Amino acid sequence: MSSGQLFREAMEAKTELGEEARHYVERGAYVPDDITVAVIAERLAQPDCARGAILDGFPRTQAQARALDRILQQMGRRVDLVAFIRMPVPKLVARLSGRMNCTGCGSIYHEVFRPPQVPGVCDVCGSALERRADDAPEIHQRRIEVYLEQTAPLITFYRERGILGEVDGDRDIEAVQQGLQEAAWRACRSACPPRHRASA
């Protein structure tokens, strides 16, 4: 569940919420907590989230983290794992700035790490690829500055709870994926009673 995708859909539909979010998203700033938390709570209540969800881009502040705890507590749930993917800032900006999205099926490409077979054309459905307006390097640099100020404290917040899974992101996709799977497996072994653990 991507908070950014939820906001992009609202902006494309020109909803009241989408127009409010646009002013923040296009500047690389965070959408205010009250708007973001309401959107996430509504999405978590949908039937396809009944057995759990992976949150992407939320929470980004300690206030959001505490709000998420309250939402999940009301649902009889909890956060089991927070994945922290470490990455040098210059490489992070380069990766983010090279993203391209298919206008048809939504497939994601990258000009270096996952280029399409035909430049500008989706391998899956043949639709045109486009870069998001908020994927400019200067926007990402601003986001990183905001991250260091507002979101980085969550690393300590979740590490102290024992649910932070740290993964080295300065590797190829397969290695990062493996690191995430290992972190998830450790979280499952820690959270689940022995009789509920899957056999390896």
Side-chain angles (χ1 to χ4, degrees), residues 1-75 77-85 92-93 95-111 114 116 120 122 124-154 157-158:
M1 178 195 308
S2 166
S3 60
Q5 183 62 32
L6 292 177
F7 285 127
R8 283 190 291 277
E9 290 172 358
M11 287 189 289
E12 288 173 7
K14 297 186 183 297
T15 65
E16 182 178 346
L17 174 61
E19 293 306 299
E20 288 184 40
R22 186 187 308 280
H23 300 298
Y24 299 93
V25 172
E26 292 184 349
R27 295 199 319 265
Y30 287 154
V31 177
D33 287 351
D34 57 339
I35 299 173
T36 304
V37 169
V39 169
I40 294 296
E42 183 178 81
R43 184 67 184 86
L44 283 171
Q46 298 301 312
D48 62 337
C49 294
R51 297 185 62 192
I54 297 174
L55 302 179
D56 172 23
F58 182 88
R60 292 189 173 182
T61 65
Q62 290 197 34
Q64 288 183 1
R66 294 189 178 96
L68 177 61
D69 284 341
R70 291 192 294 271
I71 293 167
L72 293 177
Q73 186 174 26
Q74 292 172 359
M75 297 177 171
R77 305 179 191 172
R78 66 182 181 198
V79 176
D80 293 318
L81 170 68
V82 175
F84 170 41
I85 303 176
L92 181 60
V93 172
R95 285 191 179 185
L96 293 171
S97 301
R99 291 188 299 190
M100 297 174 286
N101 294 68
C102 174
T103 57
C105 67
S107 295
I108 300 173
Y109 296 84
H110 192 280
E111 62 184 14
R114 189 176 180 240
C122 178
V124 178
C125 71
S127 298
L129 302 182
E130 67 177 7
R131 294 180 189 275
R132 286 173 18 196
D134 60 341
D135 262 344
E138 59 273 17
I139 295 291
H140 286 303
Q141 189 62 50
R142 172 58 184 151
R143 282 188 177 143
I144 290 168
E145 292 170 4
V146 175
Y147 165 83
L148 292 172
E149 177 184 339
Q150 298 185 24
T151 304
L154 286 178
F157 181 83
Y158 283 117

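In this text the structure is predicted, and so the values were computed from the model without any measurement. Basis for what follows: all heavy atoms, side chains included, without hydrogens, waters or symmetry-related copies.
Rounded to the nearest 0.5 Å, atoms CD (Gln73) and CZ (Arg70) are 9.5 Å apart. Atom OG1 of Thr151 and atom CZ of Phe157 lie 12.5 Å apart (nearest 0.5 Å). For the atom pair CD1 of Ile40 and CG of Leu72, the computed distance is 10.5 Å after rounding to the nearest 0.5 Å. The distance from atom CD1 of Ile35 to atom CZ of Phe7, rounded to the nearest 0.5 Å, is 7.0 Å. Atom CG of residue Leu6 and atom CE of residue Met11 lie 10.5 Å apart, to the nearest 0.5 angstrom. Distance SG/Cys49 to CE/Met75: 8.0 Å, rounded to 0.5 Å.
Within the 4.5 Å cutoff, the side chain of Leu44 has heavy atoms near those of the Met1 side chain. Residues Glu149 and Thr61 form no side-chain contact, since every pair of their non-hydrogen atoms from C-beta on lies 4.5 Å or further apart. Considering only heavy atoms from C-beta on, Pro116 comes within 4.5 Å of Leu129 through its side chain. Between Val39 and Val31 there is no side-chain heavy-atom pair separated by less than 4.5 Å. The shortest distance between side-chain heavy atoms of Leu154 and Gln64 does not fall below 4.5 Å. With contacts defined as side-chain heavy-atom distances shorter than 4.5 Å, the pair Ser2/Arg8 qualifies.
Heavy-atom contacts from other residues, nucleotides or ligands closer than 6.0 Å to OH of Tyr24 number 12 or fewer. The number of heavy atoms from other shown groups lying within 6.0 Å of CD (Glu42) does not exceed 12. Annotation for Ile54: atom CD1 does not count as buried by contact number, only 12 or fewer foreign heavy atoms lying within 6.0 Å.
Judged purely by distance below 3.5 Å, without hydrogens or angles, the side chains of Arg66 and Gln62 pair a donor atom with an acceptor atom.
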Run the side-chain donor-acceptor check on residues 137-144: report pairs under 3.5 Å with partners two or more places apart or on a different chain.
residue : atom : partner : partner atom : Å
His140  : NE2  : Asp135  : OD1          : 2.7
Arg143  : NH1  : Asp134  : O            : 3.2
Arg143  : NH2  : Asp134  : OD2          : 2.8

Can you give me every donor-acceptor pair (side chain of residues 103-111, partner residue at least two apart or in another chain, under 3.5 Å) with its distance?
residue : atom : partner : partner atom : Å
Thr103  : OG1  : Ala128  : O            : 2.9
Tyr109  : OH   : Asp123  : N            : 2.8
His110  : ND1  : Val112  : N            : 2.9
His110  : ND1  : Phe113  : N            : 3.2
His110  : NE2  : Arg95   : O            : 2.7
Glu111  : OE1  : Arg131  : NH2          : 2.5

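A donor-acceptor contact shorter than 3.5 Å links the side chain of Ser3 to the backbone of Gly57.
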